[in-house]
There are 2 protein chains.
Amino acid sequence: MNLRERKKAETRANVLRVANELFREKGFEQTTIEEICAQALVSKRTLFRYFGDKEGLVFPNREERLEAFRGFLRAAELPRNPFDTLRSATRVWGSEYNESRDRILAQQRLVEGSSALLARERVIDREWEQEIAAAFARMTGSDADADLWARVLAGAIMGVIRATMSYWFESECRADLVELGLDAIDKLERGFPVAP
Amino acid sequence: MNLRERKKAETRANVLRVANELFREKGFEQTTIEEICAQALVSKRTLFRYFGDKEGLVFPNREERLEAFRGFLRAAELPRNPFDTLRSATRVWGSEYNESRDRILAQQRLVEGSSALLARERVIDREWEQEIAAAFARMTGSDADADLWARVLAGAIMGVIRATMSYWFESECRADLVELGLDAIDKLERGFPVAP
DNA sequence: TCGCAACTGCCACCGAGTGCCACTTGCTAC
DNA sequence: GTAGCAAGTGGCACTCGGTGGCAGTTGCGA
């Protein structure tokens with residue numbers, strides 16, 4: 001890595017650190033871009049070149065994460081049925097989240113406190129949902145029916161994931177996310193029993 | 001209704017009409033609040049008193065719609081199981097949407113063209129999802145398990161609804177939304193068959 | 001018709017985000 | 001090593017959405 005590239009990476013990391021410290025101290029909306037700039041010793045202009053907008057400071061590496069997920073889906077494609085793919089994804093991401101409870105919980109408290117962040121979170125969810133739908137469509141046929149099926153299933157999946165995570169957050173992330181997730185997937189595969 | 005109230009209603013309707021005309025002509029982001037104000041003969045301050053923000057001009061009567069849905073859920077509660085409630089809601093809203101295809105399609109094209117509007121749409125979906133979860137929780141028990149079950153199911157429901165609607169939009173709303181909806185609900189109740 | 005409450009308009013202001021251009025800094029070819 | 005170039009940064013002025021505050025207007029009820 002170049003000196004130039006190293007400097008860039010450092011600046012980026014520094015801005016990110018400063019911003020999230022401030023957000024956690026005073027809240028997302030209460031922190032202004034100028035404050036972050038002052039404390040991170042960069043100009044406003046530069047900050048916006050690194051992170052397209054203020055929300056980008058809370059959800060960094062969005063594209064990289066999505067790309068990692070895409071890679072996972074591609075790798076899981078051939079032999080599996082959709083639900084097994086899903087279970088395996090749940091094990092990977094679920095245990096990752098289990099292990100970084102604290103960081104994720106703090107992040108989530110931030111998000112819940114601002115409608116701009118909530119909105120952004122949903123937009124990101126949608127990107128993931130589209131990847132799931134695309135992967136499932138590749139696994140099955142590619143006619144209109146299969147496409148509809150894939151999209152509806154992907155919608156249901158992101159819905160249960162989001163609901164499961166929200167429940168997990170409320171319990172301060174004490175439960176095992178993998179277990180909760182696998183449970184939810186079972187319900188999707190076999191149908192929701194009318195009584196819990 | 002008072003003269004005062006009539007005037008208010010008229011102002012509101014007028015602003016709404018002007019705004020949506022402009023949005024459809026030039027796009028949401030390309031239309032400024034000042035343009036709307038100039039053409040609707042109100043001050044910026046007044047516009048924001050009627051509609052909290054710019055997005056509110058595209059999703060008006062948000063609270064009323066939600067309240068109507070709440071009313072529906074309350075009325076449907078006692079004898080039914082969750083899925084029948086859901087089917088009956090699908091018949092009501094689905095046929096309403098079927099009948100106003102044109103308006104809804106135009107609205108949706110607007111929404112798809114702006115990430116701010118997409119984000120707002122998701123936030124509104126979430127409000128509805130929470131009402132569904134609350135209704136289901138009332139129907140079944142009220143322990144933690146029942147609560148989790150209700151929330152996960154509600155999440156799945158909003159997910160399939162959103163996916164179904166997005167498919168419907170892409171086909172220019174030619175298909176029968178009620179039929180599509182009932183199909184999706186069946187999948188949730190009985191489990192998703194692995195092949196379409 | 002008088003007094004009050006509701007409503008509106010205006011103005012100054014804030015914060016996010018952009019376009020533009022001058023300036024600095026690291027890289028590279030010679 | 002250094003000249004020249006590209007990448008990156010800072011600063012400034014500007015736009016636009018949104019808010020606070022207050023003065024002025026208008027409908028309503030006593």
Side-chain angles (χ1 to χ4, degrees), chain A residues 1-16 18-20 22-23 25-60 62 110-111 113-121 123, chain B residues 1-16 18-20 22-23 25-60 62 110-111 113-121 123:
Chain A
M1 195 154 70
N2 270 345
L3 170 54
R4 197 172 259 172
E5 278 168 346
R6 259 183 293 145
K7 272 196 170 180
K8 271 177 70 175
E10 204 188 321
T11 304
R12 194 189 137 85
N14 190 38
V15 170
L16 217 44
V18 168
N20 281 278
L22 285 173
F23 291 157
E25 260 173 54
K26 354 186 338 181
F28 179 74
E29 325 253 12
Q30 285 66 46
T31 306
T32 70
I33 296 286
E34 312 241 4
E35 283 175 287
I36 301 171
C37 290
Q39 201 161 323
L41 303 174
V42 273
S43 75
K44 207 171 92 173
R45 206 66 195 73
T46 298
L47 186 147
F48 280 116
R49 266 191 282 255
Y50 278 83
F51 307 90
D53 50 28
K54 200 181 174 188
E55 291 83 44
L57 290 162
V58 178
F59 301 104
R62 177 173 165 186
L110 249 191
V111 174
S114 147
S115 58
L117 291 178
L118 274 174
R120 174 61 56 96
E121 191 182 46
V123 171
Chain B
M1 194 156 72
N2 270 344
L3 169 55
R4 197 172 260 172
E5 279 168 345
R6 258 181 293 143
K7 270 195 172 181
K8 272 177 68 175
E10 202 187 323
T11 302
R12 195 187 136 85
N14 189 39
V15 171
L16 217 44
V18 167
N20 281 280
L22 285 173
F23 290 157
E25 259 173 53
K26 351 187 338 182
F28 179 74
E29 326 254 10
Q30 285 66 45
T31 307
T32 70
I33 296 285
E34 313 242 4
E35 284 176 288
I36 301 171
C37 290
Q39 201 162 322
L41 304 174
V42 273
S43 75
K44 209 170 91 172
R45 205 67 193 73
T46 298
L47 186 147
F48 280 115
R49 266 190 283 256
Y50 278 82
F51 307 90
D53 49 28
K54 200 181 174 186
E55 290 82 43
L57 290 161
V58 178
F59 301 106
R62 177 174 166 185
L110 249 192
V111 174
S114 148
S115 58
L117 289 178
L118 273 174
R120 173 62 55 94
E121 191 182 46
V123 170

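Reminder, nothing fancy here: chain letters follow the sequence lines and each chain counts from 1. Values below: every heavy atom of this structure, side chains too, minus hydrogens, waters and symmetry copies.
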Nearest 0.5 Å, what's the CG-CG distance between B:L57 and B:L110?
11.0 Å
Could you tell me how far apart [X] ([atom1]) and [N] ([atom2]) are, to the nearest whole angstrom?
| X | N | atom1 | atom2 | value |
| --- | --- | --- | --- | --- |
| A:L3 | C:dT24 | CG | P | 18 Å |
| A:Y50 | D:dA7 | OH | C1' | 10 Å |
| B:F51 | C:dC7 | CZ | P | 15 Å |
| B:F48 | C:dT8 | CZ | P | 15 Å |
| B:E34 | C:dG9 | CD | C1' | 13 Å |
| A:K8 | C:dC27 | NZ | P | 12 Å |
| B:Q30 | D:dT15 | CD | P | 17 Å |
| B:F28 | D:dG17 | CZ | C1' | 10 Å |

Pairs under 3.5 angstrom only: tabulate donor-acceptor contacts from the side chains of residues 37-48 of chain B to other protein residues two or more places apart or in another chain.
unit_1	atom_1	unit_2	atom_2	d
B:S43	OG	B:T46	N	3.2
B:S43	OG	B:T46	OG1	3.1

With heavy-atom distances below 4.5 Å as the criterion, would you say the side chains of A:E25 and A:Q30 are in contact?
no
Using side-chain heavy atoms (C-beta onward) and a distance below 4.5 Å, is B:R12 in contact with B:P60?
yes
Is there a side-chain polar atom (N or O) of [X] under 4.0 Å from OP1 or OP2 of [N]?
| X | N | value |
| --- | --- | --- |
| B:T46 | C:dG9 | yes |
| A:N2 | C:dG26 | no |
| A:K54 | C:dG15 | no |

Any donor and acceptor pair, going by atom type alone, linking the side chain of A:D53 with main-chain N or O of A:G56 inside 3.5 Å?
yes
Can you work out whether B:E5 or B:T31 has the more 5'-proximal nearest nucleotide on DNA chain D?
B:T31
When B:T32 and A:K44 are each assigned the nearest nucleotide of DNA chain D, the 5'-most assignment goes to A:K44
Which of the following nucleotides, C:dC27, D:dG10, D:dT9, is nearest to the side chain of A:T11?
D:dT9
Under 3.5 Å donor-acceptor pair, A:R45 side-chain atoms to C:dG17 base atoms
no
Check if the side chain of A:R49 and the base of C:dG17 share a donor-acceptor pair of N or O atoms closer than 3.5 Å.
no
